[in-house]
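Written out below as structure tokens is the structure these notes cover.
Numbering starts at 1 and runs along the sequence shown. Here the structure is a predicted model, which is why all the values come from computation and not from measurement. Values below: every heavy atom of this structure, side chains too, minus hydrogens, waters and symmetry copies.
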Amino acid sequence: MELLKQRILQDGRCYPGGILKVDSFINHQMDPMLMYRIAEEFIKRFEGVKINKIVTIEASGIAPAIMVGFLMQLPVVFVKKKKPKTMENMLTTVVHSFTKDRDYTVCISNNFLTPDDHILFIDDFLAFGNAALGMLDLVKQSGCTLAGMGFIIEKAFQDGRKILEEQGARVESLAIVDDLSDCKIVVR
């Protein structure tokens, strides 16, 4: 997606350790028109695939997931990073955050992730695949069908895609970053 690639090169910032900040247009301040175009691209890439629900993990995946759900006229559910006192019948798994370097026990009500669901998982980044692996565990626990996984940005120099594809997941990334060494952003 050329528009996204250009925006990453123009407004993205790189930090040591393979960190790419896109907080000025994706995951803190958001550009709704870019998010709309991102959603259109995800819909194009998953055209013809049976999907009845969009799923993400809070918080940065919520905006693109909502936009995809809006355009596809499908419900959107997000996996929570904190267990609400009022949630019953929940599924849980542990996810390690690369950015925050900590583990989260994430949860989703099994009322919203059922064996009848064919889900499209949407998230902002694919790096090591930790959040996505957590999602695969929740898919397995719930008995739902994973239609695919869509990521706005993939860091190709980390092993997320390989790990997910080895688990049988279809992975679509809209922009692939090949390198961030020396704090230079190299987009495929």
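- Between Ser60 and Asn27 the shortest heavy-atom distance is OG-CB, 3.4 Å.
- Linking Ile, Leu, Val, Met, Phe, Trp and Tyr residues whenever their side-chain heavy atoms come within less than 4.5 Å places Ile153 and Leu9 in a single cluster.
- Qualifying side-chain contact (heavy atoms from CB on, under 4.5 Å) partners for His118, counting only residues two or more places apart in sequence or in other chains: Lys50, Asn52, Thr145.
- Cation-pi geometry between Arg13 and Tyr15 is not met at under 6.0 angstrom from the ring centre and within 45 degrees of the axis.
- Looking at Val76 and Lys53, their side chains never come closer than 4.5 Å, going by heavy atoms from C-beta outward.
- The salt bridge (charged side-chain N to carboxylate O under 4.0 Å, His left out) contacts involving residues 140-160 comprise Glu154-Arg161, where partners must be two or more places apart or lie in separate chains.
- Remark: Lys81 NZ to Arg102 CZ distance equals 8.5 Å, nearest 0.5 Å.
- By the 4.0 Å N-to-carboxylate-O rule, Arg45 lies close enough to Glu41 to be salt-bridged with it.
- Leu180 places none of its side-chain heavy atoms less than 4.5 Å from the side chain of Val186.
- In this structure, Gln141 and Thr92 approach most closely via the heavy-atom pair NE2-O, 2.9 Å.
- Note that the OH atom of Tyr36 and the CG atom of Leu71 stand 5.0 Å from one another [nearest 0.5 Å].
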TODO: Test salt bridge (Lys or Arg N to Asp or Glu O under 4.0 Å) on Asp23 and Lys21 and set out the steps.
DONE: CA-CA 6 Å; Asp23 62 345; Lys21 284 195 79 160; 3.3 Å; yes
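- Put simply, Tyr104 and Val94 are part of two different groups of oily side chains (I, L, V, M, F, W, Y) that touch within less than 4.5 Å, one to the next.
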Open item on the list: Between Phe125 and Ile152, does the side-chain contact (heavy atoms from CB on, under 4.5 Å) criterion hold? Intermediate values first, please.
Closed with: CA-CA 6 Å; Phe125 272 97; Ile152 297 175; over 6 Å; no
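- For the pair Val49/Arg170, a side-chain contact is recorded, criterion being any heavy-atom separation below 4.5 Å from C-beta on.
- Under the side-chain contact (heavy atoms from CB on, under 4.5 Å) criterion, Cys144 pairs with Leu113, Asp117, Ile119, Val139, Ser142, not counting sequence neighbours.
- Residues Met149 and Met135 are in side-chain contact: their nearest non-hydrogen atoms beyond the backbone lie under 4.5 Å apart.
- Inter-residue side-chain proximity for Asp11 and Val22 is flagged as unmet; no heavy-atom pair is nearer than 4.5 Å.
- By the neighbour-count criterion of 12 heavy atoms within 6.0 Å, atom CZ of Phe157 is densely surrounded, having more than that number from other residues, nucleotides or ligands.
- The two residues Pro16 and Cys183 make their nearest non-hydrogen contact at N-SG, 3.6 Å.
- Taking CD from Gln29 and OG from Ser24, the interatomic distance works out to 6.5 Å, rounded to the nearest 0.5 Å.
- Met67 and Val55 are not part of a single hydrophobic cluster, where members link through side-chain heavy atoms under 4.5 Å apart.
- Taken to the nearest 0.5 Å, the CD atom of Glu172 stands 12.0 Å off from the CG atom of Leu126.
- Around atom CZ of Phe112, no more than 12 heavy atoms belonging to other residues, nucleotides or ligands sit under 6.0 Å away.
- Under the 4.5 Å side-chain heavy-atom criterion for grouping Ile, Leu, Val, Met, Phe, Trp and Tyr, Leu91 is not connected to Leu120 through any hydrophobic cluster.
- A salt bridge is defined here as a Lys NZ or Arg NE, NH1 or NH2 lying under 4.0 Å from an Asp or Glu carboxylate O, and Lys162 with Glu166 meets this definition.
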Open item on the list: Set out, in order, the CA-CA distance, both residues' side-chain angles and the distance that settles side-chain contact (heavy atoms from CB on, under 4.5 Å) for Phe151 and Val171, then state yes or no.
Closed with: CA-CA 8 Å; Phe151 301 93; Val171 175; 4.0 Å; yes
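- A single hydrophobic cluster is not seen to contain both Val106 and Met90; linkage of ILVMFWY side chains at heavy-atom distances under 4.5 Å, directly or through other members, places them apart.
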- [ ] Evaluate the criterion side-chain contact (heavy atoms from CB on, under 4.5 Å) for residue pair Ile38 and Met1; output intermediate values, then yes/no.
- [x] CA-CA 8 Å; Ile38 285 168; Met1 184 177 169; 4.1 Å; yes
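- By the 4.5 Å heavy-atom criterion applied to side chains, Arg188 and Val177 are not counted as neighbours.
- Taking CD1 of Ile66 as the reference point, atom CZ of Phe78 lies at 8.5 Å (rounded to 0.5 Å).
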- [ ] Give the intermediate values and the outcome of side-chain contact (heavy atoms from CB on, under 4.5 Å) for residues Leu136 and Leu164.
- [x] CA-CA 9 Å; Leu136 289 180; Leu164 296 175; 3.7 Å; yes
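- The backbone N or O of Ser109 lies less than 3.5 Å from no partner atom in the side chain of Asn89, so there is not a single donor-acceptor pair.
- Atom CG of Leu20 is separated from atom CD1 of Ile8 by 6.5 Å, given to the nearest 0.5 angstrom.
- Arg37 CZ: 12 or fewer foreign heavy atoms inside a 6.0 Å radius.
- Across all their heavy atoms, Cys14 and Lys184 have their closest contact at SG-N, 4.3 Å.
- For the pair Asn130/His96, a side-chain contact is recorded, criterion being any heavy-atom separation below 4.5 Å from C-beta on.
- For Ile122 against Pro64, the heavy-atom pair with the smallest separation is CG2-CB, 3.9 Å.
- Between Leu146 and Ala169 the shortest heavy-atom distance is CD2-CB, 4.0 Å.
- Contact of the Leu133 side chain with the Thr93 side chain is not registered, since no non-hydrogen atoms from C-beta on lie closer than 4.5 Å.
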